[in-house]
There are 2 protein chains.
Amino acid sequence: MTGERRKFRREGADTRRQALVLATLDLIAEQGVRGATVRAIAERADVTQGLIRHYFSTKDELVQEAYLAHMAGLTEQTFAGVAERETALGRLAALVVASVTPPVVDSASVGLWAGFLNHVRQDARMRAVHAQTYHDFRDRLERLIVAALEEAGRGPDAGQARRLAIACNAVIDGLWLEGGALPEAFEPDELTGIALTAVGAILQLDLEEAAKT
Amino acid sequence: MTGERRKFRREGADTRRQALVLATLDLIAEQGVRGATVRAIAERADVTQGLIRHYFSTKDELVQEAYLAHMAGLTEQTFAGVAERETALGRLAALVVASVTPPVVDSASVGLWAGFLNHVRQDARMRAVHAQTYHDFRDRLERLIVAALEEAGRGPDAGQARRLAIACNAVIDGLWLEGGALPEAFEPDELTGIALTAVGAILQLDLEEAAKT
DNA sequence: GCATCAATTATACGCTTGCATAATTACGAC
DNA sequence: GTCGTAATTATGCAAGCGTATAATTGATGC
């Protein structure tokens, strides 16, 4: 009876890092940051805990990479179908709808985001990622808004565009948050209608019509 | 040389519980949930750790009470100056302004809220507190909105009122969140103007004028 | 096949955590 | 005063944490 050592396969660095990041996100989403221990992450990724230290010199480094991956994924999901629309108004409507619809609106996703926020407030590098993600999203939103307004014959100046983007972004974020944190508080599709109406009211554009196309 | 035992004063249960809750909130705000250990809380409250178990049968119980206290305080701060206004429109404007102004908008406060969110997702009682806080706030907002619209001669039906309240609440929450999470991203008073304009646009009311009074 | 070497496992250390329990002490009742 | 008791401190424990390091093993080139 030899002490049977665990069998394993060698994997490339990228594969393993990604698997570890995914396991981390899964766990934080399911059980909060508390549940994402080194041991739990390793088990979820079907690996022993020592390997984590082989790929990440510290746990915070892994968490930071996971945060980056989550935020990038969120932005990507949100903008997924946007470019396909032909009109600027249609693209804006598509973005608004996607922002308040699964898989973007999701309890686990919001929980993940909240779980990271405290790390963000304490770690300078994570704060940088946070700020950049926010500004990236808002800038893209602002460009869509400007394009839609110009399409309607109304070109806002820079200050107006900035303020409109902040306001629309707030509506979207607020609904995203509430839809994710309190799923049972809203009827199906209710958030979609509210988001289109509210953003439409702020911009004085008919987004509801544009969303149907 | 007697082993000098620490001196102490006896306090009423309410005083001590409140002090412990306050210490907990301080620590979560400053260092995130990680930093709010039983020992750290006790030290902050100038007490030894055993006392916590004397007043709370478990740490989660203390955290839950702290959450309740934080949310109640937040709502109270937000509605603080609202009733003083004479017109319904003025009250609504005051609420909007207070929602996006310190001390309601505050990095620590947002961090606190985010820190709790993961507990909320896992503990049924905390979820109940969360849902109730949200609905309380939104109901009060909805009543202010209905009053302001009626004052302007437009009475919305129940469905409209609900949707308007959800939308306005989303703007407020979104700006609160972003103002707290990224304080340096906005000019002073910028959020106030944006909030009034956006909520005004959604309701088709002139809140900016009403806010000046 | 065999040597090589990074990928992976195994084990352990020191620290912190939440919780329990026993020993003390302040303070009001009488 | 002194006595009882609830409030408070002191001490300890078992479990879990992140990290470090040494021992193994799978794949690759020759």
Side-chain angles (χ1 to χ4, degrees), chain A residues 1-24 27-28 30-67 115 118-119 122-123 126, chain B residues 1-24 27-28 30-67 115 118-119 122-123 126:
Chain A
M1 258 313 161
T2 90
E4 36 208 70
R5 197 185 177 88
R6 173 181 178 142
K7 303 291 185 221
F8 61 91
R9 281 186 51 210
R10 293 189 158 204
E11 299 281 359
D14 290 347
T15 310
R16 274 281 135 87
R17 288 177 72 95
Q18 191 186 344
L20 289 170
V21 162
L22 246 52
T24 306
L27 281 169
I28 299 185
E30 283 175 23
Q31 312 178 29
V33 192
R34 280 178 78 110
T37 70
V38 173
R39 285 164 177 82
I41 294 168
E43 187 184 7
R44 179 69 60 111
D46 208 40
V47 139
T48 55
Q49 55 162 317
L51 196 61
I52 291 184
R53 278 270 302 166
H54 190 257
Y55 286 111
F56 301 91
S57 65
T58 202
K59 188 194 171 183
D60 278 348
E61 196 178 309
L62 167 57
V63 170
Q64 189 189 335
E65 191 150 322
Y67 177 55
N118 275 298
H119 289 255
Q122 272 149 46
D123 184 305
M126 291 198 71
Chain B
M1 258 315 162
T2 90
E4 36 209 71
R5 195 184 177 90
R6 174 180 176 144
K7 303 293 184 219
F8 61 91
R9 281 187 50 210
R10 293 187 160 206
E11 298 281 359
D14 289 348
T15 311
R16 273 281 135 85
R17 287 178 72 95
Q18 192 186 343
L20 289 170
V21 162
L22 246 52
T24 306
L27 281 169
I28 299 186
E30 281 174 25
Q31 314 178 27
V33 192
R34 281 177 76 112
T37 69
V38 173
R39 285 166 176 80
I41 294 169
E43 187 183 7
R44 178 70 58 111
D46 208 39
V47 139
T48 56
Q49 56 161 317
L51 197 60
I52 291 183
R53 278 272 301 165
H54 190 257
Y55 286 110
F56 301 91
S57 66
T58 201
K59 187 194 172 184
D60 279 348
E61 197 179 306
L62 167 57
V63 170
Q64 188 189 337
E65 190 151 322
Y67 176 56
N118 276 298
H119 290 255
Q122 271 149 47
D123 184 305
M126 291 197 69

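In what follows, every chain begins at residue 1, and chains take the letters A, B, ... in the order their sequences are listed. Source: prediction; values computed, not measured.
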Do R9(B) and D46(B) sit within salt-bridge range, that is, some charged N less than 4.0 Å from a carboxylate O?
no
Can you name the side-chain hydrogen bond (donor to acceptor under 3.5 Å, both in side chains) partners of E30(A), sequence neighbours left out?
R44(A)
Send over the distance from D46(B) CG to dT9(D) C1', rounded to a whole Å.
13 Å
Of T58(B), T24(B), L20(B), the residue whose pairing with I52(B) passes side-chain contact (heavy atoms from CB on, under 4.5 Å):
L20(B)
Look at the side chain of F8(A) and decide which nucleotide, out of dA10(C), dT8(C), dT11(D), has an atom nearest to it.
dT8(C)
Please list, by residue number, the residues of residues 31-39 of chain B whose heavy atoms come closer than 4.0 Å to an atom of DNA chain C; answer none if no residue qualifies.
T37(B), V38(B), R39(B)
What do you reckon, is CZ of R34(B) surrounded by more than 12 foreign heavy atoms closer than 6.0 Å?
no
Figure out the NZ/P separation between K59(B) and dT16(C), and round it to whole Å.
15 Å
Ignoring hydrogens and angles, does a donor from either the side chain of R5(A) or the base of dT9(C) sit under 3.5 Å from an acceptor on the other?
yes
Residues V33(B), V33(A); criterion side-chain contact (heavy atoms from CB on, under 4.5 Å); working and verdict:
CA-CA 9 Å; V33(B) 192; V33(A) 192; over 6 Å; no
Mind checking the CE-CD spacing from M126(B) to Q64(B)? Nearest 0.5 Å is all I need.
6.0 Å
Using whole Å, report how far CD of E11(B) lies from P of dT25(C).
19 Å
Expressed as a whole number of angstroms, how long is the span from R6(A):CZ to dA23(D):C1'?
16 Å
What's the spacing between H119(B) NE2 and D60(B) CG if we round to 0.5 Å?
7.0 Å
Give the rounded distance in Å between these two atoms: CD1 of I41(A) and C1' of dT8(C).
18 Å
By nearest-heavy-atom nucleotide on DNA chain C, the more 5' of R9(B) and G12(A) is G12(A)
S57(A): side-chain hydrogen bond (donor to acceptor under 3.5 Å, both in side chains) partners, not counting sequence neighbours
E61(A)
Where R17(B) and F56(B) come nearest, the two heavy atoms and their spacing:
NH2-CE2, 3.5 Å
Within this structure, what is the CZ-to-C1' distance between R16(A) and dA27(D), rounded to whole angstrom?
13 Å
For DNA chain C, which residues in residues 51-58 of chain A have a heavy atom at a distance below 4.0 Å?
L51(A), H54(A), Y55(A)
How close or far is atom C1' of dT8(D) from atom CD of Q49(B), stated in whole angstroms?
13 Å
Is there a donor-acceptor contact under 3.5 Å from the side chain of Q122(A) to the main chain of Q31(B)?
yes
Holding to side-chain hydrogen bond (donor to acceptor under 3.5 Å, both in side chains), I want the full list of residues that pass it with R16(A), two or more places apart in sequence or in another chain.
none
Which residue lies toward the 5' end of DNA chain D, G50(A) or T48(B), if each is placed at its nearest nucleotide?
T48(B)
Does anything in residues 60-67 of chain B come within less than 4.0 Å of DNA chain C? Heavy atoms only, and list the residues if so.
none
Closest heavy-atom pair and its distance - A42(B), T48(B)
CB-C, 3.7 Å
Between dG18(C) atom P and L27(B) atom CG, what is the distance in whole Å?
11 Å
